[in-house]
Amino acid sequence: MKLVFATNNQHKLEEVRAILGDNHEVLSLKEIDFHGDIPETAGTLEGNALQKAQFVKEHFGLDCFADDTGLEVDALGGEPGVYSARYAGDAHDSEANMKKLLQKMAKKSDRKARFRTVVALIQGEETHLFEGIINGSIIRKRRGNGGFGYDPIFVPEGYTETLAEIGDEKNKISHRARAIAKLAEFLRQQEVENKTD
Ligand code: IMP
């Protein structure tokens, strides 16, 4: 089955292809010859994921899925959430984003946070949403050089290392892996049902 993944992020593409396996041909935006930026103007992760998937469906007529992720910090009322990429400004600068977050958290004792990914799938006329969460806490000083984004200041529940220190293990336990695993299970189930029809 052919499915577009509304991304040009090579790392995400490989992660998703590995989880979905050979039964699904996953095409990136580049591979359907789209080289622009898809608008992400909704105020929620769900809204942005849907907006991206709908854009591809409308312009290319292809079944598609899209993801959107945010870091939700309890003591900040869920910030930075949907604004995680541009928390410290439009430059999408991870160092500046972490610095701003650590400053806002300086006097907070409740350090609980989660990464949440929403995947929106549009298949024909139908829309399906899948959610993946990893709970953890925000530490006071960055640690580790792996990963990206807020990884150096996030320690997952049950671990002592940050996401930037745990290496490949991250791809097994991450919010994105969990959401994509739900998508994969949904597609597998559909195949089983189609075979028995
Ligand atoms: P996106 O929706 O996947 O583009 O993620 C939005 C923003 O959330 C990114 O720019 C990062 O700041 C942050 N983010 C997403 N996934 C991760 C992750 O796995 N680790 C750390 N930060 C992440």
Side-chain angles (χ1 to χ4, degrees), residues 5-19 26 28-29 36-56 64-73 76 78-105 111-121 129-139 142-157 159 161-183:
F5 180 18
T7 189
N8 273 326
N9 178 321
Q10 194 58 30
H11 167 81
K12 280 189 190 176
L13 207 57
E14 279 163 23
E15 193 179 331
V16 162
R17 281 182 176 144
I19 296 173
V26 179
S28 66
L29 291 173
D37 282 325
I38 301 182
E40 288 182 60
T41 52
T44 59
L45 300 177
E46 286 79 1
N48 275 347
L50 272 171
Q51 191 177 12
K52 287 188 272 186
Q54 270 157 357
F55 182 95
V56 171
C64 175
F65 63 94
D67 70 324
D68 203 36
T69 295
L71 172 64
E72 298 173 340
V73 180
L76 303 178
E79 269 186 36
V82 74
Y83 303 107
S84 294
R86 52 203 143 108
Y87 196 38
D90 281 339
H92 291 210
D93 176 343
S94 293
E95 292 302 322
N97 287 342
M98 280 191 287
K99 196 170 161 207
K100 176 170 176 181
L101 188 68
L102 289 179
Q103 272 166 1
K104 284 199 156 204
M105 290 293 287
R111 313 293 297 185
K112 284 195 297 298
R114 74 202 50 79
F115 280 108
R116 193 164 72 88
T117 293
V118 175
V119 169
L121 167 71
L129 291 177
F130 307 92
E131 181 182 66
I133 289 177
I134 181 169
N135 288 306
S137 56
I138 302 295
I139 56 171
R142 49 161 305 153
R143 282 192 342 236
N145 296 310
F148 71 101
Y150 297 88
D151 280 349
I153 58 170
F154 184 89
V155 173
E157 227 168 62
Y159 289 76
E161 305 99 325
T162 66
L163 280 179
E165 293 174 316
I166 64 171
D168 289 347
E169 174 103 359
K170 179 187 167 190
N171 291 339
K172 295 190 197 135
I173 63 165
S174 84
H175 40 98
R176 202 170 10 263
R178 286 173 179 171
I180 295 293
K182 286 187 189 168
L183 167 71

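What you are looking at is a predicted structure, and each value in this text was computed from that prediction instead of being measured. One-based numbering along the sequence shown. When a ligand or atom number is given, it counts from 1 through the structure's own listing order.
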Which of L29, D37, I38 passes side-chain contact (heavy atoms from CB on, under 4.5 Å) with N8? It is L29
- request: May I ask you to check whether Y87 and E79 show a side-chain donor-acceptor distance below 3.5 Å?
  value: yes
Within 45° cone and under 6.0 Å: K182 NZ/CZ vs F130 ring
no
Is there a side-chain contact between L71 and L101, using heavy atoms and a 4.5 Å cut-off? yes
task: May I ask you to decide whether E46 forms a salt bridge with R116, counting only side-chain N to carboxylate O separations under 4.0 Å?
output: yes
Does ligand 1 have any N/O atom under 3.5 Å from a protein N/O, and what are those pairs and their distances?
residue: ligand 1; atom: 2 (O); partner: D68; partner atom: OD1; Å: 3.0
residue: ligand 1; atom: 2 (O); partner: T69; partner atom: N; Å: 2.9
residue: ligand 1; atom: 3 (O); partner: K12; partner atom: NZ; Å: 2.8
residue: ligand 1; atom: 16 (N); partner: R176; partner atom: NH1; Å: 3.4
residue: ligand 1; atom: 19 (O); partner: K170; partner atom: NZ; Å: 2.8
residue: ligand 1; atom: 19 (O); partner: H175; partner atom: NE2; Å: 3.0
residue: ligand 1; atom: 19 (O); partner: R176; partner atom: NH2; Å: 3.1
residue: ligand 1; atom: 20 (N); partner: D151; partner atom: OD1; Å: 2.6
residue: ligand 1; atom: 22 (N); partner: Y150; partner atom: N; Å: 3.1

Is any side-chain heavy atom of I180 closer than 4.5 Å to a side-chain heavy atom of E15? no
